[in-house]
Amino acid sequence: MSERNSGERPFAPLPTPPVRLVPSILAADFGRLGDEVQRATQAGADRLQIDIMDGHFVPNISMGPMFVATVRRFTDLPLEAHLMVSRPEEWIEPAAKAGANIIIVHAEATPHLHRVLESIAACGALPAVAINPASPLALIEEVLEQVVLILQMTVNPGFGGQKFIPAVLDKIHRLRQRLNQCNPECDIEVDGGIDAHTIAWAHAAGANVFVAGSSVFNAPQGAAAGLAALHAALEGKA
Ligand code: DX5
C-alpha cells in the first residue's frame with residue numbers, strides 16, 4: 001500500500017458540501033432506544049442512520065422498516081435507511097412509509113440501479129447509493145447525477161466496531177474530484193471505523209458526511225461527548 005495515501009500524507013484540499021455528523025443506531029442500546037435517539041438528537045446529530053441488513057447481502061441480520069418507524073417517533077431529525085439487502089427494490093416503499101428521508105442502496109446489490117434509484121424518488125425519499133471498499137468507482141459513474149449522496153463504505157459492511165480501511169482514502173479523493181465536475185452538491189458519506197482520528201483523514205480526502213456508531217453510542221462519557229470529540233477533530237482541535 002506504499003503508493004496509496006494511508007491518511008498520513010495530506011491530500012490537495014477540495015471544496016465539499018457542508019459537514020454532517022450521523023450517528024448509526026446499530027451501536028445504540030436497543031433496550032433504551034427512545035432515550036438513545038433523543039440523546040443523540042439533543043447532542044447535535046445532523047441525521048440518524050438505520051442499518052437494515054438481511055443476513056444475505058451481508059453476513060448479519062439487524063433491523064427492518066419497523067425500526068425506522070420506532071426511531072421516527074422519538075426524533076424530527078432526517079433519517080437515513082442504509083439498505084444492506086439483496087433485493088433493495090422490495091424494501092424501498094416500506095422504508096419510505098416508515099419515515100426514511102434518504103434511502104441508500106448498494107450498487108453491488110442490483111443490476112437495475114437506475115430503476116431502483118428512480119423508485120426511491122417516486123416514494124418521495126432522496127436517492128442515494130453505497131459502494132463497498134473494493135468496488136470500483138466505475139460501478140456508479142452513470143448515476144453520479146441521479147443521487148444526493150454517495151456512501152463510500154470504509155469497512156466491509158455488516159458489523160459495527162470494525163477498523164477503518166485507509167486504502168479507501170484515495171478513492172474518496174478521486175470521487176470528490178469527479179463530483180465537483182458533475183454534481184458538486186452531492187454528499188460523500190463515509191461509514192465504518194469513524195473516530196476522532198480517522199474522521200480527519202476522511203474529511204481531508206473529500207468526504208463531508210460521517211456515520212459513527214461506536215464512537216458515539218459507546219463513547220465512555222456518552223453520546224454528547226462522543227459527538228463533541230468528532231466535531232473537535234473536524235475542526236483540528238482533537
Ligand atoms: C456497518 C454499518 C455501520 C456501522 C458503523 O455495516 O453500516 O453503520 O454501524 O459502526 P462503527 O462506527 O462502530 O464502525
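Note that the coordinates shown come from a computational prediction; the quantities given were computed from them, not determined experimentally. One-based numbering along the sequence shown.
- In terms of the salt bridge (charged side-chain N to carboxylate O under 4.0 Å, His left out) criterion, E142 has no residue partners (sequence neighbours excluded).
- Annotation: side chain of L33 is not in contact with side chain of F74 (no heavy-atom distance under 4.5 Å).
- Among residues at least two apart or in separate chains, salt bridge (Lys or Arg N to Asp or Glu O under 4.0 Å) pairs with a member in residues 46-68 are R47-E80, R47-D187.
- Remark: side-chain polar atoms of R39 are not paired, donor with acceptor, to backbone N or O of Q42 under 3.5 angstrom.
- Proximity of a side-chain donor or acceptor of T198 to a complementary backbone N or O of D195 within less than 3.5 Å is detected.
- The shortest non-hydrogen separation linking A27 to G213 is CB-C, 3.4 Å.
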- For the pair L117 and V105, evaluate side-chain contact (heavy atoms from CB on, under 4.5 Å) and give the outcome as yes or no after the intermediate values. CA-CA 8 Å; L117 292 170; V105 298; 4.0 Å; yes
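- Atom CD1 of I199 and atom CZ of F210 lie 5.0 Å apart (nearest 0.5 Å).
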- Message: The test is side chain to side chain donor-acceptor pair (under 3.5 Å); show your working for Q181 and R178 and say whether it passes.
- Response: CA-CA 5 Å; Q181 295 163 346; R178 183 74 191 91; 2.9 Å; yes
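- Remark: the backbone N or O of V116 is paired with a side-chain donor or acceptor of S119 at under 3.5 angstrom.
- Cluster membership for L230 and L169, using ILVMFWY side-chain heavy atoms within less than 4.5 angstrom, is shared.
- Counting only heavy atoms from C-beta outward, the side chains of L83 and I92 approach each other to under 4.5 Å.
- Nearest heavy atoms, V68 versus A100: CG1-N, 3.7 Å.
- Atom CD of Q221 has 12 or fewer heavy atoms from other residues, nucleotides or ligands within 6.0 Å.
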- Go through L175 and L144 one step at a time and tell me if the side-chain contact (heavy atoms from CB on, under 4.5 Å) criterion holds. CA-CA 10 Å; L175 177 57; L144 293 181; 4.1 Å; yes
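- For the atom pair F159 CZ and M53 CE, the distance stands at 7.5 Å (nearest 0.5 Å).
- Transitive grouping of hydrophobic side chains (ILVMFWY, heavy atoms separated by less than 4.5 Å) keeps L149 and V168 in distinct clusters.
- Cluster membership for M153 and L139, using ILVMFWY side-chain heavy atoms within less than 4.5 angstrom, is not shared.
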Donor-acceptor pairs under 3.5 Å, side chain of residues 126-136 to any protein atom, not counting sequence neighbours: which ones?
residue : atom : partner : partner atom : Å
N132    : OD1  : H106    : ND1          : 3.4
S135    : OG   : E108    : OE2          : 2.6

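- Within 6.0 Å of CD on E93 lie no more than 12 heavy atoms contributed by other residues, nucleotides or ligands.
- Between atom OG of residue S62 and atom CD1 of residue I25 there is a gap of 12.0 Å, rounded to the nearest 0.5 Å.
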- side-chain contact (heavy atoms from CB on, under 4.5 Å) assessment of I50 paired with H82: CA-CA 6 Å; I50 296 146; H82 177 192; over 6 Å; no
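- Within the structure, ring-ring contact (aromatic ring centres under 6.0 Å, His included) pairs that include any residue of residues 14-36 comprise F30-F67 (at least two apart or interchain).
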- Could you please spell out the steps behind the side-chain contact (heavy atoms from CB on, under 4.5 Å) verdict for C186 and V148? CA-CA 5 Å; C186 185; V148 299; 5.8 Å; no
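- Between R87 and E90 there is a salt bridge, since a side-chain N of the basic residue sits under 4.0 Å from a carboxylate O of the acidic one.
- If you take CG on N156 and CD on Q162, they are separated by 6.5 Å, rounding to the nearest 0.5 Å.
- Residues I188 and G206 come closest through the heavy atom pair CD1-O, 3.9 Å.
- When every heavy atom of H173 is checked against every heavy atom of L14, the shortest pair comes out as CE1-CD1, 3.4 Å.
- Screening residues 19-33 for salt bridge (Lys or Arg N to Asp or Glu O under 4.0 Å), with sequence neighbours left out, gives D29-R32, R32-E36.
- A single hydrophobic cluster is not seen to contain both L151 and I140; linkage of ILVMFWY side chains at heavy-atom distances under 4.5 Å, directly or through other members, places them apart.
- Atom-to-atom distance recorded for M84:CE and I104:CD1 is 8.5 Å, nearest 0.5 angstrom.
- Hydrophobic clustering, with ILVMFWY side chains joined whenever heavy atoms are under 4.5 angstrom apart, groups L227 together with F217.
- Closest non-hydrogen pair, I172 versus A202, comes out as CG2-O, 4.4 Å.
- Closest of all the heavy-atom pairs between P166 and W201 is CG-CZ3, 4.0 Å.
- One N or O on the side chain of Q146 and one on the backbone of H114 form a donor-acceptor pair closer than 3.5 Å.
- Side-chain contacts under 4.5 Å among hydrophobic residues (ILVMFWY), followed directly or transitively, place V209 together with V22, V211.
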- Taking it one step at a time, do N208 and R176 satisfy side chain to side chain donor-acceptor pair (under 3.5 Å)? CA-CA 10 Å; N208 66 298; R176 176 51 64 201; 3.3 Å; yes
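- For the pair V85 and H56, the minimum side-chain heavy-atom distance is 4.5 Å or more.
- Between atom CD of residue E89 and atom CD1 of residue I120 there is a gap of 10.5 Å, rounded to the nearest 0.5 Å.
- Within the 4.5 Å cutoff, the side chain of V155 has no heavy atoms near those of the D191 side chain.
- Between the side chain of T154 and the backbone N or O of I165, no donor-acceptor pair lies under 3.5 Å.
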